[in-house]
Amino acid sequence: MSDFSRSAPALEVRGLDVYYGHSHALQGVELTLDSGVFSVVGRNGMGKTTLCKTIMGLLRASGGSVRVRGEDITRLSPARIAQAGVGYVPQGRRLWRSLSVDEHLRLAAGMRRGAWTIDRIYETFPRLAERKDHGGAQLSGGEQQMLAISRALLTNPHLLIMDEPTEGLAPVIVAQVEEMLVRLAEDGEMSVLVIEQNIGVATAISKNVAIMVNGRINRIIDSARLAADRELQQRLLGVGVVGVQAGPEADIEATDASAEKAPPSPPRTSSAAPIRIYISNPTLPTRWSQPAPIARIEAAARTLSTGITRIEDAARQKRQAGAVAQTASGPPVVLVVGTLDTKGEELRFIRDVIAGHGLRTRLVDVSTSGKLATCDVSAQEIALNHGRGGSSVFGSDRGASVTAMADAFANWLRRQGNVAGIISAGGSGGASLVAPGMRGLPVGVPKLIISSVASGDVGPYVGPADITMMYSVTDVQGLNSISRAVLANGANAIAGMVKARLENQSAAERNARVALPAVGITMFGVTTPAVQKIAADLRGDFECLVFHATGVGGRSMEKLVDSGMLAAIVDLTTTEVCDLLMGGVFPATDDRFGAIIRSRVPFIGSAGALDMVNFGAPDTIPERYRQRKFHVHNPQVTLMRTTPEENDRIGRWIGEKLNRMDGPVRFFLPEGGVSALDAPGQPFWDPEADAALFAALERSVRQTGNRQLIRIRRHINEPEFASAIVNALRPLVGRPGTRRKVAR
């Protein structure tokens, strides 16, 4: 390759126009990818896939140009573009059903020489090596995506284009794809253009993200800012808006352009939104009737506009709402959920065991095949709860259908007020369908998944919730002596949990004993003395729940906040933010502090352990950090000291979150050090770095009488600092001994 080609951008798109008939699909698209990974995000129908196809020559451009490493490929055929060094992973994978994994790979190998060989593919994706003789139609969604990516890598491209690479994949597989993209960026030999709707993935793998709206690049934004700004995500991408379609692009651009000039208009209340009324049986059923197809149900639906309400109707609507809530509550019920088209025998076996304990059950189908099954709640009924309607759930792309059905089920489950427990059985796809909905249920509601994936990393399924996962031993595929024993154990376990919980609730209601208000406290080993002192001082007046700040700890605490089970937060150890921003192994999510923002619960925070980023064993530390200051905590955990520049970024990130809290906020800055390692004579003592953190917070936080930063000339683990925390908390919570809200 010439020096010019090496120095030229990996991809350069200038003034690209594409038409579908008279429809202007791409409108003067401008995009440059120098190297590494670059993400493009946007809602459906904005032109993202059209951009991919045009670069690959599958669509003809009406104007503009596309250059790869300085070479104009605008008018070349797809085959010539592939030979020029452009690889393509299409949306929907596009595999041959009759060809085996190995045959797919051999067809792609040999187009261009390079580092990627079939042996390297099998080494990178061991699962493909195990399935090398299986046909494309026999692979799971995750395996199909691995094969589609491998097929493109074997062409050894300079530029790899990936259209929705994580769509419809289980969380575990999404994490693997994300890790692989980061590795490709670090290798430096290949540049990657990723078209992605998953904001978390898009912002994690690339420094900058392009937002595409109505066939144009609306803006290119820093990924950290996009990840942290939910308002911007909602305005440009529709993220967080359930059941409401975004308006025309002209409105989006106008709103965004004037965002800094005028205050945002008040959000439209749910009472003013139109409501779709669905009738599951558009015609009167008979004993021989079959459930109506989803398209017919949607066609028969009517829209009820509630924008205008007469005064005399208000009381009637209130009475009706109360009646609906009472109906939704009803007697406690155990939900048995799964894909009845493939696991019907097993799920009905579980239901019968639970019913044998005298418990009320409902069999819920979340199949995506569209096949009809005998059950209490059909897949068609669940699908109608999707934000874009039921028709978006049943399609030819299995991965997309699984994702859509999981969303629909989570929406449906949130509306059920009488769930005493929930159980499911299946493989990775089945677990991915039900886990998001289960995570939305309050802590304490029994949740059990029997799955073949339960012997591996279950973190992506369980998350911060109290979900129990049981390994199925054999695959959940038919009843036999082993599966009957395992499924019966799971069914008996959920029945026992439900009955015990119902009995405890009845006893608690009879005794009517007042419980102490609960306070959530975050802790790390390097802040343990402070937490112990705080908990000791609060004991007797409060129930102290301590959460280990390992990423999932903070999420679990905020899960309880969302469930209304915590009266206040003492977020002493906010170190998970370091790992989120710097790539550590115990990261928070982008929604860290989100529950406090939503609930307005009293918040006492501090900078505990913001001096460190957590990694695994020393040999796992990313190359870009090799020259930094480290402390080996134990053979499996290595700590890296944060720099003044990183602390400035951390302070600004936390400050933006604090500004969005409307409840009482007190955030303490320990000038003597933020952890046991950050003290005179200790390995992480760095007053300059701490000063940068405190200064960034003071610049960022808009202080009011209700939102205060408080400097304390003490180390975080000194007793005086803990006493200051306790003294600030008590006036914010009110009189001790009041009953805390407990989720039912």
Side-chain angles (χ1 to χ4, degrees), residues 10-11 33 35-40 48-49 51-59 66 68-69 71 73 76-97 99-129 131-132 136 139 141-169 173-174 176-196 201-202 205-206 397 399:
L11 173 66
L33 167 57
S35 61
V37 179
F38 188 79
S39 299
V40 178
K48 305 187 303 297
T49 297
L51 175 61
C52 293
K53 290 182 176 180
T54 306
I55 295 173
M56 281 304 303
L58 298 171
L59 290 174
V66 179
V68 174
R69 298 291 185 194
E71 180 183 355
I73 63 169
L76 299 182
S77 67
R80 290 282 305 279
I81 291 173
Q83 292 168 354
V86 182
Y88 184 37
V89 182
Q91 184 179 17
R93 293 121 194 186
R94 300 295 182 88
L95 302 177
W96 287 283
R97 298 172 58 87
L99 294 185
S100 69
V101 169
D102 199 60
E103 289 169 337
H104 273 92
L105 298 180
R106 294 189 182 282
L107 275 176
M111 177 181 292
R112 291 168 49 86
R113 293 184 178 180
W116 285 97
T117 63
I118 294 178
D119 290 340
R120 184 180 176 185
I121 290 293
Y122 285 143
E123 181 180 345
T124 304
F125 300 105
R127 185 62 176 166
L128 292 184
R131 310 275 281 175
K132 63 187 300 183
L139 304 179
E143 292 165 348
Q144 290 180 14
Q145 190 62 48
M146 291 180 193
L147 181 55
I149 294 172
S150 300
R151 183 177 58 184
L153 290 175
L154 279 176
T155 66
N156 287 287
H158 303 311
L159 172 67
L160 179 62
I161 301 172
M162 306 182 75
D163 192 1
E164 303 285 5
T166 67
E167 183 180 44
L169 300 185
I173 307 300
V174 171
Q176 292 176 0
V177 172
E178 184 178 316
E179 182 181 355
M180 187 205 69
L181 290 171
V182 172
R183 287 204 310 268
L184 288 175
E186 291 175 346
D187 291 343
E189 286 298 317
M190 186 184 305
S191 299
V192 187
L193 177 68
V194 178
I195 306 298
E196 184 58 75
V201 173
I205 62 178
S206 56
D397 186 336

Which heavy-atom pair separates [X] from [Y] by the least distance, and what is that distance?
| X | Y | value |
| --- | --- | --- |
| G87 | T155 | CA-OG1, 4.2 Å |
| V68 | I73 | CG2-CD1, 3.4 Å |
| A152 | V89 | CB-CG2, 3.6 Å |
| H158 | A84 | CD2-O, 3.7 Å |
| E71 | L76 | OE2-CD1, 4.2 Å |
| R151 | P90 | NH2-CD, 4.2 Å |

**Request:** Just do the side-chain contact (heavy atoms from CB on, under 4.5 Å) check on L105 and Y122 with the steps written out, would you?
**Result:** CA-CA 10 Å; L105 298 180; Y122 285 143; 3.7 Å; yes
**Stepwise side-chain contact (heavy atoms from CB on, under 4.5 Å) test for L128 and S150** = CA-CA 9 Å; L128 292 184; S150 300; 3.4 Å; yes
**Prompt:** Under a 4.5 Å cut-off applied to non-hydrogen side-chain atoms, are Y88 and L58 in contact?
**Reply:**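 They are in side-chain contact.
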**Request:** Report the C-alpha separation of R69 and S191 in whole Å, then their side-chain angles, then the decisive distance to 0.1 Å, and conclude whether the side-chain contact (heavy atoms from CB on, under 4.5 Å) test is met.
**Result:** CA-CA 10 Å; R69 298 291 185 194; S191 299; 3.8 Å; yes
Separation between [atom1] of [X] and [atom2] of [Y], rounded to the nearest 0.5 Å:
| X | Y | atom1 | atom2 | result |
| --- | --- | --- | --- | --- |
| M56 | D163 | CE | CG | 12.0 Å |
| I121 | L154 | CD1 | CG | 4.5 Å |
| Q91 | T49 | CD | OG1 | 4.5 Å |
| L147 | R127 | CG | CZ | 13.0 Å |
| L193 | L159 | CG | CG | 6.5 Å |
| F38 | L11 | CZ | CG | 9.5 Å |

**Item:** Derivation of the side-chain contact (heavy atoms from CB on, under 4.5 Å) call for L99 and L107
**Value:** CA-CA 10 Å; L99 294 185; L107 275 176; 3.6 Å; yes
**Request:** State which residues pass salt bridge (charged side-chain N to carboxylate O under 4.0 Å, His left out) with R131; sequence neighbours excluded, sorted by chain then number.
**Result:**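 Salt bridge (charged side-chain N to carboxylate O under 4.0 Å, His left out) list for R131, sorted by chain: E143.
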**Item:** salt bridge (charged side-chain N to carboxylate O under 4.0 Å, His left out) against R106, all qualifying residues, sequence neighbours excluded
**Value:**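 If we apply the salt bridge (charged side-chain N to carboxylate O under 4.0 Å, His left out) test to R106, skipping adjacent residues, the hits are D102.
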**Message:** List the residues meeting side-chain hydrogen bond (donor to acceptor under 3.5 Å, both in side chains) with E123, not counting sequence neighbours, and say none if there are none.
**Reply:**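 Partners of E123 by the side-chain hydrogen bond (donor to acceptor under 3.5 Å, both in side chains) criterion come out as none, since no residue qualifies.
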